[in-house]
*Asks:* 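Have a look at this one before I ask anything.
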2 protein chains.
Amino acid sequence: MDYSHNMIRKFRERGLKITPQRLAIFNLLDGNTGHPTAEEIYSGLKKDFPNLSFTTVYNILKSIKEAGGIQELLIERERAHYDPDVSLHHHIICTRCGKLRDIFYTNTSEMRLPDDILKEFSVTGHQIHFYGVCRACSENEEEEEGKTAVPREGANAN
Amino acid sequence: MDYSHNMIRKFRERGLKITPQRLAIFNLLDGNTGHPTAEEIYSGLKKDFPNLSFTTVYNILKSIKEAGGIQELLIERERAHYDPDVSLHHHIICTRCGKLRDIFYTNTSEMRLPDDILKEFSVTGHQIHFYGVCRACSENEEEEEGKTAVPREGANAN
DNA sequence: AACTAAATTGCAGTTATTACAATTAAAGAA
DNA sequence: TTCTTTAATTGTAATAACTGCAATTTAGTT
């Protein structure tokens, strides 16, 4: 609720109109810790907006991002994930199944960058991404290995 | 040179064959701090291998990655960049022009993750990406603004 | 030189995202 | 409330990075 009100205010400040589609996306994002993709947001609204266009979803996400209302997480090649929590935290993804979790990490040392970088860039943000394999996937893998013949050496993918 | 020899050894260990295309990619990557994309690697080899296929480039990059010879940098939506330096360092990218630089950052505190994460995931790696605007791009932008009429309020994109 | 598994090629397919022109609708003014 | 303006939404086509697969070639061994 707070999130939506905030976004409405921010959109108004920027001279952007409040449309039903925008409201619906604000509400969908409000408190959402599921790191939805554009596709998931599109599907989530499709019931209420049968004519909803993907272009609209992408446009709205772009506007929200520009207003500082979401982080676009570039953590896997295939697609972007969106996180309405723009406070300092990190993420971990399972490289097998794509499971994505927040990491609330307090011990953040100051991230003072080298002077030559600071001279060349004005820094606007950063992201810290961890990669790993989740419990479920590593257990599945063991099963698979148990069932199949001994794999050829050097033939293991990923 | 060292890099190529290392990769040859690693490929042999894994039972992978040493082909001219693979050698050429090893050599192209050796000491390369330009964070090339698959396309750039493809173009770089095209002269010497007129029949080179994109599939081959992707396949080889995948093998090198599995052998621990490159980092795949997922720092921008459009494409992956490849970095043969797999030692601990970070990256910064200009969100306007895509200029990509290494950050050799010593002050890395230990990155001790919360226990619930460690219980759920076996962590294999992490990446730290900074975003910003480079000098050249912010100077260009000033020029642009100077040339154009006063922008309508709230109408500024990006 | 012959053999065999693996690598490369060529090309078609997939999928996330973007571009653009036409239509619709929000929000301020009358 | 209606009118008007300007932005937002829609639909569809295009882009671009990457993947899948069958056919051909080749590295590395015998």
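Each chain gets a letter, A, B and so on, in the order the sequences are listed, and its residues count up from 1. Computed from a prediction, not measured in an experiment: that's the story for all the values here.
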*Asks:* Determine whether a donor-acceptor pair (N or O, by modelled atom type, separation under 3.5 Å) exists between the side chain of Arg12(B) and the backbone of Ile18(B).
*Replies:*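 Absent.
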*Asks:* Nearest to the side chain of Arg22(B), which nucleotide is it out of dT8(C), dA8(D), dG28(D)?
*Replies:*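 When the side chain of Arg22(B) is considered, dT8(C) is the closest of dT8(C), dA8(D), dG28(D).
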*Asks:* Within this structure, what is the CG-to-C1' distance between Asp48(A) and dT9(D), rounded to whole angstrom?
*Replies:*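 One finds 16 Å between C1' of dT9(D) and CG of Asp48(A), rounded.
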*Asks:* Quick one: Ile60(A) CD1 to dA26(C) P, roughly how many Å, whole number?
*Replies:*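 Answer to the nearest Å: 12 Å.
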*Asks:* Is Thr19(A) near enough to dA7(D) that one of its side-chain N or O atoms lies under 4.0 angstrom from OP1 or OP2?
*Replies:*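 Negative; the distance criterion is not met.
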*Asks:* Please report, rounded to the nearest Å, how far the C1' atom of dT15(D) is from the CZ atom of Phe54(A).
*Replies:*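 Going from Phe54(A) (CZ) to dT15(D) (C1'), I get 16 Å.
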*Asks:* Which nucleotide in the list dT9(C), dC18(D), dA27(C) gets nearest to the side chain of Thr55(B)?
*Replies:*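 Nucleotide nearest to Thr55(B)'s side chain: dT9(C).
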*Asks:* Are Tyr58(A) and dT18(C) close enough that a side-chain N or O sits under 4.0 Å from OP1 or OP2?
*Replies:*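 For dT18(C), OP1/OP2 do not have a side-chain N/O of Tyr58(A) under 4.0 Å.
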*Asks:* State which of dG11(D), dC18(D), dA26(C) makes the closest approach to the side chain of Ser53(A).
*Replies:*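 Closest nucleotide to the Ser53(A) side chain: dG11(D).
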*Asks:* Regarding Tyr42(B) and Lys46(B), is there a side-chain donor-to-acceptor distance under 3.5 Å anywhere?
*Replies:*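 Short answer, yes.
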*Asks:* Tell me yes or no: between the side chains of Asp102(A) and His90(A), is some donor less than 3.5 Å from an acceptor?
*Replies:*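 Distance-only check fails for Asp102(A) and His90(A).
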*Asks:* Taking for each residue the nucleotide of DNA chain D with the nearest heavy atom, is it Pro50(A) or Arg12(B) whose nucleotide lies nearer the 5' end?
*Replies:*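 Closest to the 5' end, via its nearest nucleotide, is Pro50(A).
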*Asks:* Base, sugar-phosphate, or nothing for Glu78(A), non-hydrogen atoms under 4.0 angstrom?
*Replies:*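 Here Glu78(A) touches the backbone only, sparing every base.
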*Asks:* Please report the closest heavy-atom contact between His35(B) and Glu40(B), naming both atoms and the distance.
*Replies:*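 Residues His35(B) and Glu40(B), closest heavy atoms: O-OE1, 4.1 Å.
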*Asks:* Does a side-chain heavy-atom distance below 4.5 Å link Cys97(A) with Cys134(A)?
*Replies:*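 Yes, at least one pair of side-chain atoms sits under 4.5 Å.
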*Asks:* Whole angstrom is fine here: how far is it from CG in Asn59(B) over to P in dG10(C)?
*Replies:*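 In whole Å, dG10(C) P lies 14 Å from Asn59(B) CG.
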*Asks:* Could you tell me the separation between the CD atom of Glu76(A) and the P atom of dA16(C), rounded to a whole number of Å?
*Replies:*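 Going from CD in Glu76(A) over to P in dA16(C) covers 10 Å.
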*Asks:* Out of dC18(D), dA16(C), dA26(C), which nucleotide sits closest to the side chain of Arg79(A)?
*Replies:*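 Side chain of Arg79(A) sits closest to dA16(C).
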*Asks:* Ignoring the backbone of Leu52(A), work out which of dT10(D), dT9(C), dA27(D) is nearest its side chain.
*Replies:*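 Out of dT10(D), dT9(C), dA27(D), the nucleotide with an atom closest to Leu52(A)'s side chain is dT10(D).
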*Asks:* Please determine if a side-chain N or O atom of Gln21(A) lies less than 4.0 Å away from the OP1 or OP2 oxygen of dA25(C).
*Replies:*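 No, Gln21(A) has no side-chain N/O under 4.0 Å of OP1/OP2 on dA25(C).
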*Asks:* If I take atom OH in residue Tyr42(B) and atom C1' in nucleotide dC18(D), what distance separates them, rounded to the nearest angstrom?
*Replies:*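 My rounded result for the distance is 14 Å.
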*Asks:* Side-chain donor or acceptor of Lys17(B) under 3.5 Å from a matching atom on the base of dT26(D)?
*Replies:*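 When only heavy-atom distances are counted, Lys17(B) does not reach the base of dT26(D) through any donor-acceptor pair under 3.5 Å.
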*Asks:* Can you check the Ile64(B) CD1 to dA7(C) C1' distance for me, whole Å?
*Replies:*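 Interatomic distance, CD1 of Ile64(B) to C1' of dA7(C): 14 Å.
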*Asks:* Determine: side-chain N/O of Arg77(B) to OP1/OP2 of dT18(C), distance under 4.0 Å, yes or no.
*Replies:*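 No, Arg77(B) has no side-chain N/O under 4.0 Å of OP1/OP2 on dT18(C).
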*Asks:* Nearest-Å distance, CD (Glu40(B)) to P (dA16(D))?
*Replies:*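 So the CD-P distance, Glu40(B) to dA16(D), works out to 15 Å.
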